[in-house]
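Right, one structure below, let's go through it.
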Amino acid sequence: MALSIKQFINVAGMVKDLKSFNFSVYGRWFGYINIILCIALGIANLFHVNAVVAFGVIAIVQGVVILFIEVPFLLKICPMSDNFIEFIKKFETNGWRCVFYLVNAIIQYCSIALMATSLIVCAVGLTISAMSYAVAFSTKQEFQNTHIIKSPTDDDFPHEAVVREML
C-alpha cells in the first residue's frame, strides 16, 4: 500500500472550515501560505547586490517564526529555549496575531524603499493574514484551529503499519 500526501489531508475538514466564515481560520490558512512565501522569497532575495539582502534574511526569519506560531505542536517536538516558547505563546489570540502580522508586513513594506522586489508579495500576504485576524478579533470570533491535516485519532489516518511498509 503506497502512502501519499492525500491520505493526510482532510478534505471534509477544509470544506467545513470554508463554510464556517471564521476569519481566524482564514488567517491561519494565509499564515501557512506566508511560511512558504517568506522562506522562498527570502532565499530568492539573498542574491541581490543591495541592502535588500537584509530584508531577505528578515523574511526567512519571519517564515520560521510564523511556522512555530501557526504549527504549535512543533514547539513540543523541537528543542527550544523557554524564552522563545514564551514569545510564541503570546500570539495565541486573534488580536495579538493581527498585531504580529501587521508589524511583519510593515517591515517587508519598508524593503520597497531600497528596491522593489518580490518581497512585496510577502508583505501583501502578511497584510492579508493581519486583516483576517483583525476581522476575527473585531467580530469577537473564537480563535479556532483548522482541520486541514487529519488527526492521528481519525479512523482513516495512516497508522504505523503503513509507515513501516513504506520504509
Side-chain angles (χ1 to χ4, degrees), residues 5 7-10 13-14 16-17 20 22-46 51-111 118-154 157-160 163-164 167:
I5 192 74
Q7 291 177 312
F8 292 99
I9 295 176
N10 186 0
M14 290 172 63
K16 179 183 170 191
D17 286 346
S20 73
N22 189 329
F23 283 88
S24 69
V25 172
Y26 302 152
R28 178 163 272 194
W29 283 18
F30 279 110
Y32 294 149
I33 294 168
N34 286 327
I35 294 167
I36 297 166
L37 286 176
C38 287
I39 293 174
L41 297 176
I43 292 170
N45 282 283
L46 291 177
V52 173
V53 172
F55 286 99
V57 171
I58 291 171
I60 294 169
V61 171
Q62 287 172 337
V64 171
V65 172
I66 293 169
L67 178 68
F68 284 107
I69 287 175
E70 297 296 350
V71 188
F73 77 86
L74 290 177
L75 292 173
K76 295 177 183 172
I77 62 173
C78 297
M80 298 288 162
S81 71
D82 291 336
N83 292 335
F84 183 74
I85 293 173
E86 290 297 320
F87 172 75
I88 296 297
K89 287 189 177 191
K90 289 180 184 176
F91 304 108
E92 290 184 349
T93 63
N94 290 328
W96 282 111
R97 285 194 184 199
C98 172
V99 170
F100 172 78
Y101 279 105
L102 192 60
V103 168
N104 284 322
I106 290 169
I107 291 170
Q108 289 306 323
Y109 280 123
C110 289
S111 72
S118 57
L119 290 174
I120 297 170
V121 177
C122 289
V124 170
L126 292 166
T127 303
I128 293 171
S129 287
M131 289 185 335
S132 297
Y133 282 120
V135 169
F137 179 72
S138 64
T139 58
K140 299 190 180 5
Q141 292 179 346
E142 288 291 319
F143 183 76
Q144 180 178 342
N145 286 327
T146 184
H147 302 98
I148 292 176
I149 299 173
K150 289 183 181 178
S151 171
T153 58
D154 291 345
F157 187 81
H159 292 287
E160 291 178 25
V163 175
R164 270 192 237 117
L167 295 176

Give a yes or no answer on whether the side chain of N94 reaches the backbone of Q141 with a donor-acceptor pair at less than 3.5 Å. yes

By side-chain contact (heavy atoms from CB on, under 4.5 Å), S118 pairs with (sequence neighbours left out) L41, N45

Over all heavy atoms of both residues, which pair between G31 and S129 is shortest? Give the atoms and the distance, please. N-OG, 3.5 Å

Approximate separation, where rounding is to 0.5 Å, of L126 CG and Y109 OH: 8.5 Å

Distance-only donor-acceptor hits, side chain of residues 52-62, under 3.5 Å, sequence neighbours excluded:
{"from": "Q62", "atom 1": "OE1", "to": "Q108", "atom 2": "NE2", "distance (Å)": "2.9"}
{"from": "Q62", "atom 1": "NE2", "to": "N104", "atom 2": "O", "distance (Å)": "3.4"}
{"from": "Q62", "atom 1": "NE2", "to": "N104", "atom 2": "OD1", "distance (Å)": "3.0"}

Write down the atom of S24, the atom of A136, and the distance for their closest heavy-atom approach. N-CB, 3.5 Å

Closest heavy-atom contact between A134 and C98? CB-SG, 3.5 Å

Is it true that, when you exclude F30 itself, more than 12 heavy atoms of the residues, nucleotides or ligands shown sit nearer than 6.0 Å to its CZ? no

Check whether any side-chain N or O of S138 sits under 3.5 Å from a backbone N or O of V135 as a donor-acceptor pair, and report yes or no. yes

Heavy atoms only: give me the nearest W96-F91 pair and the separation to one decimal. O-CD2, 3.5 Å

On a heavy-atom basis, the closest approach of N34 and C122 is OD1-O, 4.4 Å

N/O donor-acceptor pairs under 3.5 Å from side chains in residues 63-88, not counting sequence neighbours:
{"from": "E70", "atom 1": "OE1", "to": "R28", "atom 2": "NE", "distance (Å)": "3.0"}
{"from": "E70", "atom 1": "OE1", "to": "R97", "atom 2": "NH1", "distance (Å)": "2.8"}
{"from": "E70", "atom 1": "OE1", "to": "Y133", "atom 2": "OH", "distance (Å)": "3.3"}
{"from": "E70", "atom 1": "OE2", "to": "R97", "atom 2": "NH1", "distance (Å)": "3.4"}
{"from": "E70", "atom 1": "OE2", "to": "Y101", "atom 2": "OH", "distance (Å)": "2.6"}
{"from": "E70", "atom 1": "OE2", "to": "Y133", "atom 2": "OH", "distance (Å)": "3.1"}
{"from": "S81", "atom 1": "OG", "to": "F84", "atom 2": "N", "distance (Å)": "3.2"}

